[in-house]
Every structure is written in structure tokens, then in C-alpha cells.
There are 2 protein chains.
Amino acid sequence: MNTKQTDDTTQASADFAGVPKLDDQICFALYSASGLMTRLYRPLLEPLGLTYPQYLAMMALWERAPRTVGGLGEVLGLDSATLTPLLKRLEAGGFITRRRDAADERRVLLELTAKGQSLRGPAKDVAVQILCQFPRLSAVELDGLHRILAKLIAGLRETDAKAPAAD
Amino acid sequence: MNTKQTDDTTQASADFAGVPKLDDQICFALYSASGLMTRLYRPLLEPLGLTYPQYLAMMALWERAPRTVGGLGEVLGLDSATLTPLLKRLEAGGFITRRRDAADERRVLLELTAKGQSLRGPAKDVAVQILCQFPRLSAVELDGLHRILAKLIAGLRETDAKAPAAD
DNA sequence: TCCATTTAAATCGTGCACGATTGTTTAGTA
DNA sequence: TACTAAACAATCGTGCACGATTTAAATGGA
């Protein structure tokens, strides 16, 4: 309760009052960067008929198929409540098929259609376009960013896995 | 069509075929990290009656008020279509007030209520809690992450500003 | 064999995000 | 002054995200 003994006398930086804002900045930076990235992809993915999350799902399937809804969710960090409607839209768009696994009727198997397969090429071009439009960060910076993000995500996943299943 | 002259000889890593996936990984990493951060905040913000985007809006108002909807949107990188309903919820929750600017009836001024002000303390504790649960990244890594993200965001904002207003 | 438990996906309700449009108000200009 | 253009917020429709719940199938004992 007495965590705020930095009673407003912290006028050192003039615009934040004793609050450890640095971490918030990082969280907000992640939030902002994520949103801006999605915005960067939007116009490139629109001609393909995909949103960014749909593009992620397709990438996962291009890497490996068939997959179950749960398996895909684990890779993307999303649950069935998010994925089921998204996958139905991909199915409606003719990119994938969804069918119950005969061996285990609880599972739903996701498969690429020919149309879904054919999007691999254009998707490569999208990646190239993104690279072109990418802000001028050096290879070292990009690498460092990627490395630290991986570490951060690993840590966050760990924390996340502990919280829900308290018991 | 012939943009893929990296003709599949990239079997170095065995599981990606000529696609420049590195950048995608970074985009996906940003997407994942952002989502995981939000999840980390959720249980801490819930007792306060705030979501993470609402918390961001409140932070902006704690730093400076009154603000217009547009002004807040510029800071957060969101438009009125997102903010208006969010702000109405904050108003319904008794955290802020919204009123037309008498000097310019187009603007809507956002002000903190006493209740909104009183949340500053608990919000500090949230920031502390986040820091505690934060994955074990060294201060150097956190700093590097923050610095590169800032650079990335600046670049993305620049690109973003150019795209919509073509012509 | 039967039944409780677990697992998998779907569903529901709420909230965020954004492109496009609409309705006002203000500013600019002939 | 009148009339167009710009600025600002709100609204609408679509899609993502998630907690909580529901339904159905598989599993593991007693």
C-alpha cells in the first residue's frame, strides 16, 4: 500500500509524476508498433482478400497442413473463439476447407484449397513489399529487435501460462 | 512474377521455401507481444474497471487535460470511430466527462472526473505489478527494445502518413 | 460396462479497430 | 454576403479478441 512514497516531488522530468512510466512506454510502443504494422499490411493484403490475422493463419497452413483449430491456435496464440469465425471466413473465401477428423470427431482439420495454395506466390510479394516500405532500421537493429522480442514473448508466454490455471 | 529468383535453393533452414520470412517474424512478433502484454494487464486493470486501451486513454488524460477527441487520437494513434465509443464507456463509468467546446462547437473536450483523477494512484500500482511480472530482460535489453521500437514507430508513422493521402 | 473427467470446437456477449459515410461547425473566398 | 471547402466528431458495417459457457466426443477408471 505504501508503494507511492514518491509523493509528487518527482518533478525531475517535469511531465511524469513518480509513475514508473518506462515500462508503460514499452507496452504502449508494442501496442502502437503492432497496430501500425497491421496498417502497413492492409493495403497489400486487401487485393488478396485477406486481413492480417487471416494472413497469419494462411502462413501457418502454408508451413504445415493439415492442422487442427487448436494446433493453429497454439501457433498463433489465439483461441477457438477468435479462430472459428476467422476460419469460417477463410472457408467462405475459398482459401481453406474445414472438416471433422474422422479419427477424432472432436477435432476439426484445416486444409488448403488450390486457391489457398495459389496465394503463396502473391504472399511472397507482399513480404517483399513490406520489406521495401520498412523503416530504415539497420540489419543489426532488426536482428536485435527480433532477438529481444523473442525473449520477451517467451517470458510473457510463460507468465501467461501460469496465471489462468491457478488452482 | 519473377520476383522469386531466390529459387528455392534456400533450404538452409529446411522449413521455409524462399520466402523472406524474417520480417514477417518480426511483424508477427510485434503482434504476439502486443497481445500478450494486453493479457498481462487485463487482470490488473479489471479491478479498476478499465481495459488496456481505456487505460491508455486515461494515461494520456492524466498527463494533460482537457484534450479533444482528435488530440487524444493523435497521441494514441486511433481515430474517432474507435475513440468515441471507448470514451462513452469511460464517461458511463464516471471516469471522464465529454462536452462540446463552447469556442469551437466541432470539438469535444475530455475532462477527468474526481473518480478519474483518483485512479492515478492505483494505476501506479498496476505499473509496478507489471514490472514485477515482466520477463527477465536486462535493463540494457529493455532499453534497446524501447529505443528500436521508438525508431520503428517513427518510421511507420511516417510511412502511414504518406499512404492514405495520396493525390 | 458405465460414468465422471477431460478435451476440442463452437457460441455468446462485450469491447477494440478501421474504412467509409454523415452531419455540423468553422474557415476561406469570390 | 453567400457559397464552397475543410475540420471535427459521430455513426455504420465488418472483422478481430477474449472470458465464459455450451455441446459433443474421447478417455480413464471403478
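Letters A, B, ... are given to chains in the order of the sequence lines, protein chains preceding strands, and every chain is numbered from 1.
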Under-3.5 Å N/O pairs linking protein and nucleotides 23-27 of chain D:
{"from": "dA26(D)", "atom 1": "OP1", "to": "E105(A)", "atom 2": "N", "distance (Å)": "2.9"}

Round to the nearest Å and state the distance from [X] atom [atom1] to [N] atom [atom2].
X       : N       : atom1 : atom2 : result
L78(A)  : dG19(D) : CG    : P     : 11 Å
E74(A)  : dA9(C)  : CD    : P     : 11 Å
Y52(A)  : dC18(C) : OH    : P     : 15 Å
L40(A)  : dC18(C) : CG    : P     : 13 Å
L110(B) : dA9(D)  : CG    : C1'   : 11 Å

Measure the shortest side-chain to side-chain distance between [X] and [Y] over non-hydrogen atoms and say whether it is less than 4.5 angstrom.
X      : Y       : value
R67(B) : V75(B)  : yes
W62(A) : M59(A)  : yes
L40(A) : I130(A) : yes
F28(A) : Y52(B)  : yes

Just to verify, what does K151(B) make a side-chain hydrogen bond (donor to acceptor under 3.5 Å, both in side chains) with, not counting sequence neighbours?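 E141(A).
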
Quick one: side chains of residues 95-103 of chain A, donor-acceptor pairs under 3.5 Å with protein atoms, not counting sequence neighbours, listed by atom name and distance.
{"from": "R98(A)", "atom 1": "NH1", "to": "E91(A)", "atom 2": "OE1", "distance (Å)": "3.0"}
{"from": "R100(A)", "atom 1": "NH1", "to": "E105(A)", "atom 2": "O", "distance (Å)": "3.1"}
{"from": "R100(A)", "atom 1": "NH1", "to": "R106(A)", "atom 2": "O", "distance (Å)": "2.8"}
{"from": "D101(A)", "atom 1": "OD1", "to": "A103(A)", "atom 2": "N", "distance (Å)": "2.8"}

If you assign E46(A) and R107(A) each to the DNA chain C nucleotide with the nearest heavy atom, which residue ends up on the more 5' nucleotide? R107(A)

Kindly say if Y31(A) contacts the phosphate of dA17(D), meaning a side-chain N or O under 4.0 Å from OP1 or OP2. no

Salt bridge (Lys or Arg N to Asp or Glu O under 4.0 Å): pairs with one or both residues in residues 34-54 of chain A, sequence neighbours excluded: R39(A)-D160(B)

Would you give me the side-chain donor-acceptor pairs under 3.5 Å for residues 81-88 of chain B, sequence neighbours excluded?
{"from": "T82(B)", "atom 1": "OG1", "to": "D79(B)", "atom 2": "OD1", "distance (Å)": "3.4"}
{"from": "T84(B)", "atom 1": "OG1", "to": "S80(B)", "atom 2": "O", "distance (Å)": "2.9"}

Any base atoms under 4.0 Å from T38(A), or only sugar-phosphate, or nothing? Heavy atoms, all strands.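 Counting heavy atoms under 4.0 Å across all strands, no contact is made by T38(A).
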
Tabulate protein N/O versus nucleotide N/O from nucleotides 10-15 of chain C, keeping only pairs under 3.5 Å, one per line.
{"from": "dA10(C)", "atom 1": "OP1", "to": "R98(A)", "atom 2": "NH2", "distance (Å)": "2.5"}
{"from": "dA10(C)", "atom 1": "OP2", "to": "T84(A)", "atom 2": "OG1", "distance (Å)": "2.5"}
{"from": "dA10(C)", "atom 1": "N7", "to": "S80(A)", "atom 2": "OG", "distance (Å)": "2.8"}
{"from": "dT11(C)", "atom 1": "OP2", "to": "K88(A)", "atom 2": "NZ", "distance (Å)": "2.6"}

Run the side chain to side chain contact (heavy atoms under 4.5 Å, CB included) check on L50(B) and L90(B) step by step: do they pass? CA-CA 8 Å; L50(B) 294 176; L90(B) 283 178; 3.7 Å; yes

